[in-house]
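Report on the structure given below.
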There are 2 protein chains.
Amino acid sequence: MRASSLGPQVRRSIPVNGADCAQCQVRHLGVCTALSPKELEKVQAMAVHRDYAEGELIYAAEDLAAMAGTLIRGTVKIYKLLADGRQQIIGFLQPGDFVGSITQESYRCFAEAITPVTLCVFPLSSLNRVLHELPNFEHQLLKIASQDLDQAQEWMLLLGRKTAQERLATFLLLIYDKAKSRGAEEGVLSLPMNRAEIADYLGLTIETVSRQVGKLKGMGVIQPIGNHQIEILDPAHLRHIAEAS
Amino acid sequence: MRASSLGPQVRRSIPVNGADCAQCQVRHLGVCTALSPKELEKVQAMAVHRDYAEGELIYAAEDLAAMAGTLIRGTVKIYKLLADGRQQIIGFLQPGDFVGSITQESYRCFAEAITPVTLCVFPLSSLNRVLHELPNFEHQLLKIASQDLDQAQEWMLLLGRKTAQERLATFLLLIYDKAKSRGAEEGVLSLPMNRAEIADYLGLTIETVSRQVGKLKGMGVIQPIGNHQIEILDPAHLRHIAEAS
DNA sequence: CGAACTGTTGAATAAGGTCAAACCAGGTGG
DNA sequence: CCACCTGGTTTGACCTTATTCAACAGTTCG
């Protein structure tokens with residue numbers, strides 16, 4: 001019943017410059033995959049890059065939805081709040097991930113930069129005007145929404161039914177697998193989030209997260225390096241713990 | 001850590017007959033809203049009605065995805081399982097709700113009829129062939145997926161951060177609001193699911209659910225009528241509890 | 001009417017939360 | 001370059017909530 005830390009700094013960034021899709025580092029990861037040349041041209045015409053500082057709020061729940069976009073650089077946390085400050089983190093977004101929603105009137109979550117961030121923003125006013133000319137874009141959005149839905153449901157299973165240890169193991173494997181699928185070298189994970197954010201993602205307290213990290217370390221499964229890196233020594237064992245098998 | 005009850009009966013129904021969209025009771029609720037007459041014709045051509053008995057499995061996680069559709073009659077529970085049998089219910093579907101997914105290779109959840117059920121089924125083999133001719137259908141799917149995603153995230157907040165009492169209050173209000181929005185008369189809710197299913201939806205045990213029902217009754221907020229009906233005496237108070245405000 | 005579920009209640013237990021103190025890492029300024 | 005601060009993290013002692021186990025009561029249905 002303990003509420004989480006204080007809110008983010010609310011400091012709005014200004015648009016920086018238009019997008020150059022040809023140079024885009026995350027083009028093959030995000031919603032822009034599989035756009036035809038003609039579609040890409042239309043997307044580029046409305047896209048704008050925008051920077052956010054660490055700790056800066058990108059949008060707030062209840063705000064009228066004004067933009068969607070692709071994360072180019074940094075890490076964003078998406079979260080919900082209860083009236084008394086209890087926080088549940090819905091997910092951490094990484095470069096290539098889609099930010100925002102195009103079908104909802106207002107945002108349902110908060111989005112906050114937890115590192116310096118660059119977004120490639122599509123203003124909804126422009127996007128909704130040309131969406132019917134971008135069939136691949138909309139189809140890709142449906143695909144992304146379905147994946148996000150499955151991920152959210154997987155997390156419902158974690159939050160509703162897994163033990164603290166299983167939750168931490170599942171979390172570490174999620175980061176591990178995501179890093180591997182993006183071609184990271186094996187072993188050492190970097191965790192941009194702090195313990196409070198891990199706790200708010202796993203439905204636990206920071207103390208419980210800390211104790212469970214200690215236990216996994218004691219079992220020889222992981223080796224923490226400072227506060228923001230963890231080496232995975234025994235992925236198979238970790239998976240065994242996460243799957244409760 | 002206690003696993004849930006035994007599995008469902010696995011007994012496959014056979015197709016009954018084609019759909020007659022003009023007569024459809026849930027046409028304005030589901031994915032078929034906002035289809036053009038031409039689109040509706042194409043949808044009707046491939047749709048087939050199918051009945052399921054109470055307790056019958058509609059599809060299983062890991063199965064190759066073969067169909068999607070609209071629930072016409074009855075209640076379906078969607079759930080995930082852990083290896084040792086722990087169960088998390090993702091949601092209860094009611095008439096008008098969309099069943100299945102069209103973008104995923106295989107199902108990620110189990111779907112089971114908890115009452116006698118009728119589905120209007122779109123075989124994916126047909127649907128994917130004509131989907132590009134049904135822009136409104138796809139757009140509607142995106143809208144539904146976004147709503148489902150928001151609902152799942154709201155439930156992550158519940159499972160990760162709410163107390164047992166807040167969870168039950170939130171659950172009752174969800175049913176209450178859904179019934180009202182579909183034009184039900186005020187007050188008495190009918191709950192097609194049993195206590196074990198409520199527990200598996202709320203991430204609790206049946207005993208805790210039972211005790212919390214007792215407490216809300218003691219507070220004069222609700223009045224249970226048998227095991228499958230509850231009268232909401234004080235919706236405002238219930239909302240107050242659910243929102244932790 | 002009685003068997004078989006399904007749900008309720010009570011007592012004991014355990015998992016995780018709370019509070020408080022100690023520890024450590026990373027940045028700052030002398 | 002190193003001592004010092006500061007905020008994040010870990011650890012320990014204790015407490016609360018919800019779970020577990022077990023007995024009992026109510027429903028449902030043949």
Side-chain angles (χ1 to χ4, degrees), chain A residues 1-6 8-9 54-55 82 84-88 114-115 158-169 190-218 222-230 241 244, chain B residues 1-6 8-9 54-55 84-88 114-115 158-169 171 190-218 222-230 241 244:
Chain A
M1 219 16 184
R2 192 170 43 180
S4 294
S5 56
L6 294 79
Q9 312 157 246
E54 180 178 337
L82 287 173
D84 60 7
R86 276 174 282 169
Q87 178 174 128
Q88 177 64 45
I114 65 170
T115 65
L158 176 142
L159 293 170
R161 288 296 178 226
K162 288 192 180 179
T163 65
Q165 176 134 141
E166 291 162 356
R167 292 182 200 200
L168 179 61
S190 64
L191 305 174
M193 66 294 288
N194 61 27
R195 292 289 185 274
E197 287 161 338
I198 296 175
D200 282 340
Y201 191 32
L202 300 181
L204 301 169
T205 60
I206 53 175
E207 293 93 334
T208 298
V209 170
S210 184
R211 282 184 249 267
Q212 295 300 333
V213 169
K215 270 189 196 160
L216 288 181
K217 179 184 166 185
I222 63 172
Q223 180 61 51
I225 306 165
N227 281 334
H228 290 281
Q229 282 190 306
I230 290 187
I241 294 168
Chain B
M1 224 6 191
R2 192 170 44 180
S4 295
S5 55
L6 295 79
Q9 313 157 246
E54 179 177 337
D84 60 7
R86 276 174 282 168
Q87 178 173 129
Q88 177 63 46
I114 66 171
T115 65
L158 176 143
L159 294 170
R161 289 296 179 225
K162 288 192 181 180
T163 65
Q165 177 135 139
E166 290 162 356
R167 293 183 199 200
L168 180 62
F171 169 71
S190 65
L191 304 175
M193 67 293 290
N194 61 27
R195 290 290 186 272
E197 286 161 339
I198 296 175
D200 282 338
Y201 190 32
L202 300 180
L204 300 169
T205 59
I206 53 176
E207 294 93 333
T208 299
V209 170
S210 183
R211 282 184 250 268
Q212 295 300 334
V213 168
K215 269 188 197 162
L216 288 181
K217 178 183 167 185
I222 64 173
Q223 180 61 51
I225 307 164
N227 282 335
H228 290 281
Q229 282 191 304
I230 291 187
I241 294 169

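Every heavy atom of this structure was used, including side-chain atoms; hydrogens, water molecules and symmetry mates were not. Just so it is clear: chains get the letters A, B, ... in the order the sequence lines come, proteins before strands, and each one is counted from 1.
The distance between atom CD1 of B/Ile230 and atom P of C/dG7, rounded to the nearest whole Å, is 11 Å. Atom-to-atom, CD of A/Gln212 to P of C/dG17 comes out at 10 Å; the value is rounded to the nearest Å. For the pair A/Glu166 CD and C/dG16 C1', the computed distance is 14 Å after rounding to whole Å. One atom, CG of B/Leu159, and another, P of D/dA18, lie 13 Å apart when rounded to the nearest Å. The distance from atom CD1 of B/Ile206 to atom P of C/dC5 is 15 Å, rounded to the nearest whole Å. To the nearest angstrom, P of D/dT27 lies 13 Å from CD1 of B/Ile225. Here the C1' atom of nucleotide D/dT17 and the CG atom of B/Leu202 are 16 Å apart, to the nearest Å. Between B/Asn227 atom CG and D/dA25 atom C1' the separation is 11 Å, expressed in whole Å.
Residue B/Thr205 places no side-chain N or O under 4.0 Å from the OP1 or OP2 atom of D/dA18.
For the pair A/Leu159/A/Arg167, a side-chain contact is recorded, criterion being any heavy-atom separation below 4.5 Å from C-beta on. Using a 4.5 Å heavy-atom cutoff, the side chains of A/Arg86 and B/Thr163 are in contact. Taking the side chain as every heavy atom from C-beta outward, B/Gln165 and B/Leu216 approach each other to under 4.5 Å.
The 5' end of DNA chain D is approached more closely, in terms of each residue's nearest nucleotide, by A/Pro224 than by the other of B/His228 and A/Pro224. Where A/Arg161 and A/Met193 meet DNA chain D, the nucleotide closest to each residue was compared, and A/Met193 sits on the side nearer the 5' end.
Not a single donor-acceptor contact under 3.5 angstrom links the side-chain atoms of A/Arg167 to the base of C/dG16. Interface remark: the A/Arg211 side chain does form a donor-acceptor pair with the C/dT18 base, using a distance-only criterion of under 3.5 Å.
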